[in-house]
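The structure under discussion appears below in the form of structure tokens.
Values in this document were obtained by computation on a predicted structure and should not be read as measured data.
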Amino acid sequence: AGSMSVVEHVRDMASAGLHSNVRLLSGLLLTMSGNNPELFSPSQKYQLLVYHADSLFHDKEYRNAVSKYTMALQQKKALSKTSKVRPSTGNAATTPQSQCLPSEIEVKYKMAECYTMLKQDKDAIAILDGIPSRQRTPKINMMLANLYKKAGQERSSVTSYKEVLRQCPLALDAILGLLSLSVKGAEVASMTINVIQSIPNLDWLSVWIKAYAFVHTGDNTRAINTICSLEKKSLLRDNVDLLGSLADLYFRAGDNKNSILKFEQAQMLDPYLIKGMDVYGYLLAREGRLEDVENLGCRLFNISDQHAEPWVVSGCHSFYSKRYSRALYLGAKAIQLNSNSVQALLLKGAALRNMGRVQEAIIHFREAIRLAPCRLDCYEGLIECYLASNSIREAMVMANNVYKTLGANAQTLTLLATVCLEDPVTQEKAKTLLDKALTQRPDYIKAVVKKAELLSREQKYEDGIALLRNALANQSDCVLHRILGDFLVAVNEYQEAMDQYSIALSLDPNDQKSLEGMQKMEKEESPTDATQEEDVDDMEGSGEEGDLEGSDSEAAQWADQEQWFGMQ
């Protein structure tokens, strides 16, 4: 009686974490059992199958693991049938074994994990759904909640998140899950209030919940103010998560300068930070800081190539270098790693749009909107697709929708104005909207650019120059300097125009249009060569399409990656 059975040896090795050893031994024992069914009892077979499956799971062989777990559960069914027939007489053979049998609930959880790794969410939901709610552990409820949310089953998702909070009232990610599903902040806070009141130094938690409630209703200004108030509390100063949230909120509010500052701060505190770095890379790329983007990408790949972020950052570098097929491939790879990556969907959508595959692009922007209904840039991407395919009516409906759902702020006003500018009938409306936006936020760059575009059409150059100088008083921006240069040329202020183009190029050395502006001016000064230069200029003008042709050889390079080009 003192000696251990071979199955117990397997169990001990499994609990000691010797997975490769378990895999070999259990594999041999299962073969023996197959050749002589009498060799092991049903409960021993169940254990062997579970330990074997666990070792396969550990080796990331998910499909194989699922099949072994399934066999284990069948074995368990047979086991419970036989044990019901034999009344337990308390003899040594049955009792110790039933105590240390691997939990059936745990097996089902592992199976669900396998299914999600295999991107078979429906099967994962089915297996967890089959567990009676009384027997669901917090991690089962959490996984179910996330799966339901992804599948768009919002009511079931809310129920499961609430169940997690009932079991573990400080499950902050479950709190974020509820807020993202539009459960009111007050209701969520009431579920944690007992804990907050009973534990010292947790008084900030109700403010934290309030802050993220603002985040999920799209109230960026109040979210920023609330998180700033938390950040100033001495105990939460320099918290990387809060800084990352702030950076993201500044980005959503269209304040790129502050966003970049906060990302830099977060990165200095945590050199291994991955979350949010895709947005940071995108902002740097937009500012024309391509070398910084490249360095950031390399750093992130060193930290982990199993996350979407490094692939997105690298894709932004390609996109802003006009290498669209490569950007498309990198975006697709990122989506494959994380189907919830909004930034990856936006990158891939923009690449498809610039390659003229507008209908495919639209699918990606719609999915991004589904995942992040409060992010304006998702709608902007979709609206650009509509405008690119001349569906001005659809663009107008969409812009009006955004304006209604996200409220009338400088960003939504400007987006609506952008669409109005495309239709001759709504020029006046565009003007009114832009003036409203600029009253709210005189330094909002997108509004300034659109207003300048309007003034340029009306040839009101002096007004435009005043508008741009005013906007540039407190900030420096490549596009604004360039447009000011264009306006100065129009009123024959050549020297100063030259200065503005130079500043624009110092901010973004790759800015094609500033270069063109300079070249045009040099041409004005030496009219003799004008005729020869003309042809070159025509090619310059078609820069976008021209560069696309150039990436054809590259397209061939990536063609064998086609399986990534479909939506996952």
Side-chain angles (χ1 to χ4, degrees), residues 1-84 86 88 90-120 123-124 126-128 130-132 135-144 146-147 167-168 306:
S3 71
M4 277 169 43
S5 76
V6 68
V7 176
E8 286 170 302
H9 277 285
V10 173
R11 187 195 66 219
D12 285 0
M13 287 198 294
S15 61
L18 298 178
H19 306 290
S20 58
N21 301 279
V22 169
R23 182 171 178 170
L24 285 167
L25 182 55
S26 59
L28 292 160
L29 295 174
L30 283 167
T31 302
M32 287 166 62
S33 169
N35 289 323
N36 177 359
E38 303 301 302
L39 214 49
F40 296 110
S41 72
S43 91
Q44 289 178 317
K45 288 179 193 166
Y46 168 67
Q47 289 175 79
L48 284 175
L49 282 163
V50 172
Y51 298 134
H52 189 68
D54 285 346
S55 64
L56 293 170
F57 181 88
H58 193 262
D59 284 339
K60 299 189 167 65
E61 296 183 31
Y62 302 114
R63 216 171 276 291
N64 195 353
V66 162
S67 79
K68 297 297 184 291
Y69 282 130
T70 308
M71 289 161 72
L73 287 179
Q74 284 163 349
Q75 210 30 265
K76 185 86 170 55
K77 260 199 198 118
L79 179 66
S80 35
K81 277 195 193 110
T82 54
S83 60
K84 277 194 192 103
R86 258 204 326 253
S88 171
N91 61 359
T94 57
T95 38
Q97 210 130 51
S98 58
Q99 281 160 5
C100 57
L101 279 189
S103 131
E104 202 176 330
I105 306 278
E106 188 61 31
V107 168
K108 288 180 177 173
Y109 181 77
K110 279 272 180 48
M111 286 178 77
E113 276 191 302
C114 290
Y115 283 132
T116 51
M117 297 305 277
L118 295 166
K119 298 203 176 355
Q120 292 173 233
D123 295 310
I127 194 110
L128 294 179
I131 300 171
Q135 293 174 24
R136 289 179 197 168
T137 58
K139 66 176 180 181
I140 286 177
N141 281 316
M142 189 68 194
M143 191 179 198
L144 256 180
N146 289 333
L147 285 165
Q167 296 165 305
C168 306
Q306 292 306 298

Carefully, step by step, assess Arg63 and Gln120 under the rule side-chain hydrogen bond (donor to acceptor under 3.5 Å, both in side chains).
-> CA-CA 11 Å; Arg63 216 171 276 291; Gln120 292 173 233; 2.9 Å; yes
Using 0.5 Å steps for rounding, measure from the [atom1] atom of [X] to the [atom2] atom of [Y].
X	Y	atom1	atom2	answer
Ile140	Met143	CD1	CE	9.5 Å
Leu18	Ser55	CG	OG	11.5 Å
Leu147	Met142	CG	CE	11.0 Å
Thr70	Leu49	OG1	CG	10.0 Å

Closest non-hydrogen atom pair between His52 and Ser26, with its separation =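 For His52 and Ser26, the tightest heavy-atom pair comes out as ND1-OG, 2.8 Å.
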Enumerate, atom names and distances included, each donor-acceptor pair closer than 3.5 Å involving a side-chain atom of residues 107-116, sequence neighbours excluded.
unit_1, atom_1, unit_2, atom_2, d
Thr116, OG1, Ala112, O, 3.4
Thr116, OG1, Glu113, O, 2.8

Salt bridge between Lys77 and Glu104, side-chain N to carboxylate O under 4.0 Å?
->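 Salt bridge between Lys77 and Glu104, a charged N being under 4.0 Å from a carboxylate O: no.
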Side-chain touch Met4/Asp12, heavy atoms, less than 4.5 angstrom =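 Side chain of Met4 against side chain of Asp12, heavy atoms only: contact under 4.5 Å found.
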Can you tell if the side chain of Val22 reaches within under 4.5 Å of the side chain of Asp54, non-hydrogen atoms only?
->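 No, their side chains stay 4.5 Å or more apart.
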Report the residues that fulfil ring-ring contact (aromatic ring centres under 6.0 Å, His included) with His19, sequence neighbours left out, ordered by chain and then residue number.
->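 Only His58 meet the ring-ring contact (aromatic ring centres under 6.0 Å, His included) criterion with His19.
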What residue pairs, at least two apart or across chains, pass salt bridge (charged side-chain N to carboxylate O under 4.0 Å, His left out) with a residue in residues 20-44?
->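 Sorted result for residues 20-44: Arg23-Asp59, Arg23-Glu61.
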